[in-house]
*Asks:* 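Sharing a structure, written as structure tokens. Questions coming.
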Amino acid sequence: MQSVSALFQIYTFAEMSALSLELQPNMTRTFPDQFLWGSATAAYQVEGAVNTDGRGLSIWDQFCRTPGKIEDGSSGDLACDHYHRYRDDISLMAGLGMRAYRFSVCWARILPNGVGKVNGAGLDFYDRLVDTLLQHRIQPFVTLYHWDMPQALQDKGGWANRDLVSAYADYAAVVAARLGDRVKNWITLNEPWVSAFMGYFMGVHAPGLTDWRTGLQVSHHLNLAHGRGSQAIRAASADAKVGIALNLSWTDPASDSEADRAAAWRHDGYVNRWFLDPLFKGSYPVDMIEWLGPDAPTIAPGDLSIIQQPNDFLGINYYTRSIIGEGDDFPQMKLRWVYGPNDHTDMGWEVYPDGLYHTLMRVTQDYQPAAIYITENGAAFPDKLNGTEEVHDEKRVNYLRAHFESAQRAIEDGAPLKGYFVWSLMDNFEWSYGYTKRFGLVYVDYPTQKRVLKTSARFYQNVIRHNAV
Ligand code: IFM
């Protein structure tokens, strides 16, 4: 194992802690005491070690091997090698002052075939990870499903097969039983909209299917899995706090016309309300069910009351807004996307921090969650490693500052926001974009696996230290 100082090109842990960062006069927005600052990653994006300690094959291993699916032809085989370097990565988080880490568990490490025999070595890894976090006084937030379904279950239809809901609940029970004495915060699913529609309808994520009705049915099974998973976690760990991470997009109409305003509402139905309503209100939005007609998913009696479990918190992943008009970019919903007027990140996503404020306020008013965490927020920019200097990423600093300000404004206005996880701790495998997009606070030099602090990491350290922006 490399020493920590060997890993950081610019700052060692001690140097990082010694940085004298002052409360700047312009740091006027203060967060509540105990506000939880952290960062997030996901198993397939950072762990690597895909053939280690009995891990089974996942749909992303398979998808990456399909020619043309990943922009740079890469895979998560090595990624950030977090599986072996997690201790150093945790030291890095601690040096930056982070108090929470959101990571995901790879289902195929725990149950290589998705069901049946539990792989003890897989559980041991997450045990070590959790223990090391706690030694550094960093709270683990565990996501149970961040898209890496065991391939053995995909071979049975994946989320299109309703039986998977029970398989998922069994898996959740196994992990909660093992880690629940130390892990108190659980996220059942990450971004079910992405799993369902990018994976089963648009074909750009694993498993790469392209069927609208299947995507819709999958979305219902995922909602159901959230409900069953919540029950399983609570049964295994009485004091567990359970929530879900939804990618919510603030939607503005492209114009004031009635058609565009109706289209924006449909988009809101498809991306936001399709998940929020069943979770918090126990029903799917009526306008969506009417619009979908025969394409609407099959919903068995009792499903909706299973989905509507009490949520201890809502996780919101916020990156950008959508500007929507009526049109044929997306014929099934008759929607058209409009390119926003502000700056855009390397993902082509408009920088729109007000959308975070509006999203927090809307969710607070319409759904009254007990607590909210920003479970992801961040930006990709084409960062460059320049010799021995730190990686300068002023655009990310500006992006984060503006979004922190929006969050603080929402807290002042009554949103029950309790914490913030920047996406991501470090650059990692960005799904179909491979390694071409960099979201990290920390730069990863993939050939050497060296971690190099970006300016945004030092900025974040300063925000955390002063609990203010
Ligand atoms: O990298 C992803 C993450 O896995 C889920 N939310 C969005 C991020 C950026 O695309």
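In each ligand, atom 1 is the first atom listed, and ligand 1 is the first ligand listed. Numbers here simply count residues along the sequence, with the first being 1.
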*Asks:* Classify the ring geometry between Y318 and H403 as parallel (under 30°), tilted (30 to 60°) or perpendicular (over 60°).
*Replies:*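 Y318 and H403: tilted rings.
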*Asks:* Would you say the side chains of N190 and T143 form a donor-acceptor pair under 3.5 Å?
*Replies:*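 The answer is no; no qualifying pair exists.
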*Asks:* Please tell me whether Y460 and S39 have a donor and an acceptor in their side chains that are separated by less than 3.5 angstrom.
*Replies:*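 Checked: Y460/S39 side chains show no N/O donor-acceptor pair below 3.5 Å.
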*Asks:* So, H220 versus Y284: side-chain donor-acceptor pair below 3.5 Å or not?
*Replies:*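 Judged by distance alone, the side chains do pair up.
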*Asks:* Can you list every protein residue that has a heavy atom under 4.0 Å from any atom of ligand 1, sorted by chain and residue number?
*Replies:*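 Heavy-atom contacts below 4.0 Å: Q45, H146, W147, N190, E191, Y319, W349, E376, W423, E430, W431, F439.
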*Asks:* If you measure from the Lys or Arg side-chain nitrogens to the Asp or Glu carboxylate oxygens, is any gap between R438 and D383 under 4.0 Å?
*Replies:*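 A salt bridge is absent here (no side-chain N lies under 4.0 Å from a carboxylate O).
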*Asks:* Report yes if the distance between the aromatic ring centroids of F421 and F141 is under 6.0 Å, otherwise no.
*Replies:*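 Between F141 and F421, which both carry aromatic rings, the centre distance is below 6.0 Å.
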